[in-house]
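Quick note: residue numbers are just sequence positions, from 1.
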Amino acid sequence: MRRTTQRTPDGTRRGRRRLVRGAVLACVLALAPATWLHTSTAGSLRTTADVPARDVAVVFGAGLWKGRPTPYLAHRLDAAAELYRTGKVKVVLVTGDNGRVEYDEPDAMRAYLVEHGVPTTRVVSDHAGFDTWDSCVRAKRIFGVDRAVLVTQDFHIRRAVALCRAAGVDSYGVGVAEPRDAVWYQGQVRELAAAGKAAADVVLRPDPTFLGHREPGVAQALAATDRPAADRPAADRPAADRPAADRPDAD
């Protein structure tokens with residue numbers, strides 16, 4: 001008995017090929033923004049030890065828990081405090097969400113930095129940093145920051161550098177390393193999706209959620225650093241030059 005072989009209709013084969021090509025194209029398009037972030041920020045990522053000195057560090061918000069910085073945000077602030085202590089930066093711009101009265105990331109960030117030895121006069125708050133693009137645009141257009149060290153987690157730092165450069169801020173990035181736990185992997189997955197929005201922000205250059213008027217906080221804080229220590233307010237002097245009662249480690 002002769003067997004008969006059923007042939008796949010040409011239309012079905014063409015349809016499968018188109019489906020495979022479409023899937024490959026979708027993968028390429030999905031990964032293209034992440035590839036752009038990696039290539040465009042090559043050479044711009046440093047550590048707290050080897051990052052070039054800049055007048056300003058920008059620290060991005062990362063959430064609060066019971067009014068205090070989350071562990072990830074605390075680690076960002078620890079890195080910024082180290083940059084200040086070692087003379088790599090003079091002023092810290094903290095940028096985060098204050099869209100509700102009961103939720104104030106920048107004030108919590110300021111309080112944490114002051115607790116860790118950064119004078120309150122060297123911390124400037126941006127209360128409308130609702131996302132990374134908003135924070136970068138406002139750093140440039142509202143606070144007049146031209147060059148900065150950006151501080152955030154290692155999985156977020158490339159996007160932050162790319163967006164701030166697109167906004168006109170010459171940036172180096174310090175990516176804070178974290179344990180490879182569930183939260184870290186969630187952040188990595190989120191960054192794949194966020195890379196697409198970043199690419200759209202760079203192309204479309206939307207205004208931030210809230211722009212407002214120019215604020216002199218960064219310029220004023222930098223001007224204060226040029227004054228002799230004896231002429232500064234006690235809170236703005238190096239710890240060794242402050243009255244004992246005003247030192248961070250005073251009882």
Side-chain angles (χ1 to χ4, degrees), residues 26-52 54 56-65 68-83 88-89 92-97 103 105-106 108-109 112-113 116 126 129-139 145 148-167 169-203 208-209:
C27 290
V28 170
L29 292 176
L31 294 175
T35 302
W36 159 68
L37 288 180
H38 276 75
T39 57
S40 66
T41 57
S44 301
L45 307 187
R46 304 296 177 86
T47 68
T48 54
D50 65 11
V51 69
R54 292 287 186 267
V56 181
V58 178
V59 185
F60 299 85
L64 303 178
W65 175 251
R68 296 281 297 173
T70 60
Y72 269 33
L73 180 53
H75 297 164
R76 298 180 187 188
L77 296 167
D78 290 338
E82 181 181 348
L83 290 172
K88 291 297 184 74
V89 301
V92 181
L93 175 62
V94 292
T95 174
D97 185 353
Y103 188 87
E105 274 188 312
M109 295 164 75
Y112 186 96
L113 286 171
H116 289 76
D126 174 12
F130 298 120
D131 63 18
T132 306
W133 175 250
D134 283 16
S135 294
C136 290
V137 173
R138 285 178 55 82
V145 176
V149 176
L150 312 181
V151 183
T152 183
Q153 260 67 38
D154 52 3
F155 55 75
H156 176 225
I157 192 62
R158 291 183 182 275
R159 181 160 61 94
V161 170
L163 288 176
C164 278
R165 284 185 168 178
V169 181
D170 181 16
S171 304
Y172 281 96
V174 171
V176 179
E178 299 288 352
R180 298 314 194 245
D181 55 12
V183 177
W184 186 87
Y185 284 108
Q186 288 172 6
Q188 287 282 26
V189 172
R190 180 179 179 276
E191 284 303 305
L192 286 176
K197 180 183 181 300
D201 286 337
V202 169
V203 172
T209 304

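Taking CG from Leu37 and CD from Glu191, the interatomic distance works out to 8.0 Å, rounded to the nearest 0.5 Å. Between atom CG of residue Asp201 and atom OG1 of residue Thr132 there is a gap of 9.0 Å, rounded to the nearest 0.5 Å. One distance of note links CH2 of Trp133 with CG of Leu163; it measures 6.5 Å at 0.5 Å rounding. Leu83 contributes atom CG, which lies 6.0 Å from atom OG1 of Thr48 (distance to the nearest 0.5 angstrom).
No donor-acceptor distance shorter than 3.5 angstrom exists from the side chain of Thr41 to the backbone of Ser44, with no hydrogens or angles considered. Within the 3.5 Å criterion, the main-chain N or O of Gly63 finds no donor-acceptor partner in the side chain of Tyr72. Glu105 contributes no side-chain N or O that, together with a main-chain N or O of Thr95, makes up a donor-acceptor pair within less than 3.5 Å. Checking side-chain atoms of Arg158 against main-chain N and O of His38 turns up a donor-acceptor pair under 3.5 Å. Remark: side-chain polar atoms of Arg76 are paired, donor with acceptor, to backbone N or O of Phe60 under 3.5 angstrom. Judged purely by atom type and a 3.5 angstrom limit, Arg159 has no side-chain atom pairing as donor or acceptor with the backbone of Ala195. Of the possible donor and acceptor atoms, none in the side chain of Arg138 sits under 3.5 Å from a partner among the backbone N and O of Cys136.
When each of Val145, Val58, Leu93, Val59 is paired with Asp126, the side chain to side chain contact (heavy atoms under 4.5 Å, CB included) condition holds for Leu93 and for no other.
Minimum interatomic distance between Gly129 and Ser135 (heavy atoms only, all atoms of both residues): CA-OG, 3.3 Å.
A salt bridge is absent between Asp134 and Lys197: the closest approach of a Lys/Arg side-chain nitrogen to an acidic carboxylate oxygen does not fall below 4.0 angstrom.
Note: Trp184 and Phe155 have perpendicular aromatic rings, judged against thresholds of 30 and 60 degrees for the angle between ring planes.
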